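Read the structure below first, then the notes.
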Amino acid sequence: MKLKFFLFTLFVLGSLAFFPQKILADSESIKSFRSKITLHKDGTFNVEENIQYDFGANSRHGIFRYIPLTSRVGNYYRTLKVSFLGVLLDGENEKYSTNYSGDSPRFAGEAGKAYIKIGNANKTISGEHDYIIYYKVGNGIGNFSDHDELYWNITGNDWQVPIESAKAQILPDFDTQIIKSACYTGPVGGKEQKCRSSETLFDIFTTDPLLTNEGLTIVAGFPVKTFPLSKIDKNPPGTINPVFMYVLFIFLIIFSVVFYIALPIVLIVWYFKNKRKNRFGPVTVNFDIPKDEINEIIRPAEAGTIDTAKLEKDDVVATIFDLAIRKYIKIKEIEKKKAFAKDKKDYLISKLKNYDKDKLTLYEKDLLDELFSESNEIELSSISKNFYKTFSGMDDHVFLSLIKRGYYKKNPKTQRGFLIAGCIVSFLMFNFMLGFILLLFSRVLNGRTAIGDEIDWKIDGLKLFLKSVDRNYKWQAEQLAIVEDMIPYAIALGYIDKFMEQLKIIKPDYKPSWYVGNTAFYIASTNMFSTMNSTFATVAPSSASGFSSGGFSGGGGGGGGGGSW
């Protein structure tokens, strides 16, 4: 029994002797933490930290260090500017990475800290090693009424390992002197002064080791105005200034009232006051071809475009008839014989004279150039499927003419796009009233000016005449030349069927000089209108399908080839 007790006691004592040594062998510590601070006249300073770190028997990649960027100065806050400049490990350049947060937008890290991570992820080290970290600090010196002050936490208080000794050295690189100094040790808020200092060169060092979460802080005073004034803020970084919040609140109230209440009301009042055509009075019948304020004729395509705020196929057909009436072209009915089918009527458009550029609009010239690009006559059915390109050019030139004459501010397609975009934004911001108003405006507003609205009002009067042409036949019979000139306007404004029915009553045997055919004009005209309307393509044809006759090897998207190299 005594022997068993003896052996157990021996085992316990041996274990106690072994495990502390093992713990000590595996523990980490900082043997020495030396900091050299070089002060500059501009208020910045360079820091050289020499850290002798003992990893013990542990295998580690390296160390990391972070420095808070914000410090409190009484009731104010100072934000530091820290720039890491380099790292040495045992006298050799070492790999490191940095991570800034707070005022610096370059990195996203924990708020208000500058990090440096030293080491190689693919390599481990152990034992004692000598690290030197170089960095520069701005806005780190305080200014008071009777002195300037460097108040600097040399080691930091968040090390999880003990620091056996710490030392700091202050070295101004210009002519100045330290007028007073102090040092503190221990945890955050500690008042212990287990440290000593020498004001001649200002060396300060600890007299006792620093335990985990303990640090060394120094204070060095200099004559007042030794350094430029540093920047301090009344509010902590990352917080919003109360004055700014107040101004923002007032702005949001004003914005809400204007955006959600006032703006919709103002737009409605503006529309009823300025954009409704009834402000010109009731529409009265207009027996005249529309003219502008300087007595220039508004051509059928322009009248149709003003009426609908867009160029349409009817406007192109109207231009064909207008050019024929003005003796630029002639339209001839022809028949194409079919071997096993009914003969088909077509129309030959012939060029009568070289057109005077000064007397034609750009869009009229676009149309004539397309028709007679290869010869002086063209069959209507042979007009290119690419006519949509000509139509697009005509559209641009019609609105260019209308804008130049002051009827439009811009192409309505542009304004409509802005109104639709505004409508979407309004709905997303829950301003449903404004959204519906802008949606309505995208339908009724078209970029016309006040002059354009007045011309449109006159065109509405012409439409009254065109749809009621059956009245006052005697006047119309006497003014047949004027009535004939109305044909293109009836086409452009959508009243051609009604107009032709009444024209037949006025002049049953009417046969215009610009039309040749075996069929009576009244009968042929209906077929001409529909044929032209179906011929003039205004949009690009759809892409060919890969099915049926539209498909072929090598067709469609993708493709290419490859090989070895």
Side-chain angles (χ1 to χ4, degrees), residues 43 67-83 99-115 137-144 228-276 279 309 403 408-450 452-453:
I67 301 169
L69 295 176
T70 301
S71 60
R72 185 160 184 168
V73 185
N75 295 324
Y76 293 85
Y77 296 86
R78 178 184 294 115
T79 300
L80 304 178
K81 306 294 182 182
V82 175
S83 300
N99 184 304
Y100 294 84
S101 59
D103 285 351
S104 174
R106 293 177 295 170
F107 300 93
E110 187 178 344
K113 293 181 181 179
Y115 290 84
V137 179
N139 202 49
I141 296 179
N143 310 101
F144 299 90
L229 289 175
S230 60
K231 182 181 177 181
I232 55 177
D233 299 303
K234 192 171 184 180
N235 300 292
T239 60
I240 301 177
N241 192 308
V243 175
F244 172 78
M245 287 295 294
Y246 177 77
V247 173
L248 179 62
F249 178 71
I250 297 298
F251 170 78
L252 289 176
I253 291 178
I254 296 174
F255 174 80
S256 299
V257 171
V258 171
F259 182 68
Y260 290 94
I261 301 175
L263 184 57
I265 294 174
V266 168
L267 288 177
I268 292 173
V269 171
W270 170 82
Y271 174 75
F272 277 89
K273 183 178 180 180
N274 298 289
K275 300 306 292 181
R276 284 181 36 162
R279 71 186 187 277
I403 291 170
Y408 280 84
K409 293 181 180 180
K410 59 177 73 68
N411 192 314
K413 288 185 290 188
T414 303
Q415 176 170 294
R416 193 174 295 114
F418 281 120
L419 289 172
I420 292 295
C423 171
I424 294 172
V425 171
S426 299
F427 280 125
L428 291 175
M429 297 182 68
F430 302 103
N431 192 345
F432 300 110
M433 181 184 295
L434 180 60
F436 282 118
I437 290 173
L438 294 179
L439 181 61
L440 175 64
F441 280 7
S442 70
R443 305 292 299 273
V444 300
L445 295 184
N446 40 44
R448 274 200 306 260
T449 61
D453 286 339

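Because the structure is predicted, anything quoted here is derived from the model rather than measured.
- Here Phe259 pairs with Phe255 under the ring-ring contact (aromatic ring centres under 6.0 Å, His included) rule; sequence neighbours left out.
- Side-chain contact between Leu439 and Leu419 is absent, with no heavy-atom pair separated by less than 4.5 Å.
- At a threshold of 4.5 Å between non-hydrogen side-chain atoms, the residues Arg78 and Asn139 count as touching.
- Across Tyr408 and Arg448, no two heavy atoms sit closer than the pair CZ-CG, 3.2 Å.
- The distance from the CD1 atom of Ile265 to the CE atom of Met433 is 7.0 Å, given to the nearest 0.5 Å.
- Considering CZ of Phe441 and CG of Leu434, their distance stands at 9.0 Å, rounded to 0.5 Å.
- Qualifying side chain to side chain contact (heavy atoms under 4.5 Å, CB included) partners for Leu252, counting only residues two or more places apart in sequence or in other chains: Leu248.
- Considering every non-hydrogen atom in both Pro264 and Ile261, the closest pair reads CD-O, 3.3 Å.
- A donor and an acceptor atom, one from each side chain of Asn143 and Ser230, are located under 3.5 Å apart.
- Remark: Lys409 engages Thr449 in a side chain to side chain contact (heavy atoms under 4.5 Å, CB included) (not counting sequence neighbours).
- Partners of Asn431 according to the side chain to side chain donor-acceptor pair (under 3.5 Å) rule, which considers only residues two or more places apart in sequence or in another chain, do not exist here.
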Please tabulate, for side-chain N and O atoms in residues 421-428, each donor-acceptor pair with protein atoms closer than 3.5 Å (sequence neighbours left out).
unit_1 : atom_1 : unit_2 : atom_2 : d
Ser426 : OG     : Gly422 : O      : 2.8

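- Put simply, CZ on Phe251 and OH on Tyr246 are 15.0 Å apart, with the number rounded to the nearest 0.5 Å.
- Evaluation of the ring-ring contact (aromatic ring centres under 6.0 Å, His included) rule for Phe144 yields His147 as partners, not counting sequence neighbours.
- Across every non-hydrogen atom of Tyr100 and Ser83, the tightest pair is OH-CA, 3.5 Å.
- With sequence neighbours excluded, the residues that form a side chain to side chain contact (heavy atoms under 4.5 Å, CB included) with Ile268 are Phe272, Ile437.
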